[in-house]
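Take a look at the structure set out below.
Keep in mind that this is a model prediction, so the values were computed, not measured.
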Amino acid sequence: MFSLVYRSTAQEDFNDSGIRKMLEHAKKNNLKKHITGCLLYHNNTFIQLLEGEEQEVRNLYRQIKMDSRHKDICVLHIEENINPLFSKFSMVYNNLDDLSDQIRHKRMLFDQIFHNSDIIGSPGSSKLILWAQVNKLLAQENNLMAS
């Protein structure tokens with residue numbers, strides 16, 4: 001099972017409605033290609049973990065890089081795993097902007113997603129990269145709110 005974690009910045013005009021349409025399309029395509037993962041959106045930033053057969057995941061990532069709806073796309077981690085981390089979902093999605101502004105609440109929500117996946121019993125560092133990136137994003141917001 002091949003995993004890729006990346007981060008990108010949404011274009012200013014890429015709104016919640018556009019994200020939901022993209023997600024519905026992605027879920028259908030991912031299901032056909034046996035790709036699973038987790039997509040998080042917060043403050044115009046996407047963090048996504050994709051997993052599946054290596055060539056399928058790499059092809060999808062190439063398409064994502066060409067997608068004009070986001071920019072500043074960078075790979076954070078690539079890894080081969082024994083088991084998928086999100087086997088129960090074609091794509092878990094959470095828009096952390098939809099919830100209360102309390103950072104603690106957002107972390108708790110991601111924690112629920114994290115623990116309801118197959119992550120806990122799976123070795124590898126993709127899960128740690130994903131968790132660290134979400135915490136970094138929320139910590140930046142926390143610093144902005146404290147200013």
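In this structure, a donor-acceptor pair under 3.5 Å is absent between the side chains of E79 and S3.
Here the side chain of Q11 pairs no donor or acceptor atom with the backbone of F14 at under 3.5 angstrom. Under a 3.5 Å cut-off, the side chain of E80 and the backbone N or O of M1 do form a donor-acceptor pair.
Across all non-hydrogen atoms, the minimal contact from V57 to E51 is CG2-C, 3.6 Å. Nearest heavy atoms, S8 versus H70: OG-ND1, 2.7 Å. Scanning both residues, I35 and E56, for their nearest heavy atoms gives CD1-O, 3.8 Å.
Residues satisfying the side-chain hydrogen bond (donor to acceptor under 3.5 Å, both in side chains) test with Y61, not counting sequence neighbours, are none. For Q55, the side-chain hydrogen bond (donor to acceptor under 3.5 Å, both in side chains) partners are N59, not counting sequence neighbours. S17 is linked by a side chain to side chain contact (heavy atoms under 4.5 Å, CB included) to N15, K21, counting only residues two or more places apart in sequence or in another chain. Shown here are the side-chain hydrogen bond (donor to acceptor under 3.5 Å, both in side chains) partners of E54, two or more places apart in sequence or in another chain: R58.
Here the side chains of V75 and V5 are not in contact, with every heavy-atom distance at 4.5 Å or above. Looking at heavy atoms from C-beta onward, Y6 lies in side-chain contact with I73 at the 4.5 angstrom threshold. Side-chain contact between L60 and L50 is present, with at least one heavy-atom pair separated by less than 4.5 Å. Inter-residue side-chain proximity for M22 and R69 is flagged as met; some heavy-atom pair is nearer than 4.5 Å.
Counting heavy-atom neighbours within 6.0 Å of E12 CD, excluding the residue itself, gives a total of 12 or less.
L39 CG to I19 CD1: the interatomic distance, rounded to the nearest 0.5 Å, is 8.0 Å. One finds the CD1 atom of I78 at 5.0 Å from the CG atom of L4 (value rounded to the nearest 0.5 Å). The NE2 atom of H25 sits 11.0 Å away from the CG atom of L23 when rounded to the nearest 0.5 Å.
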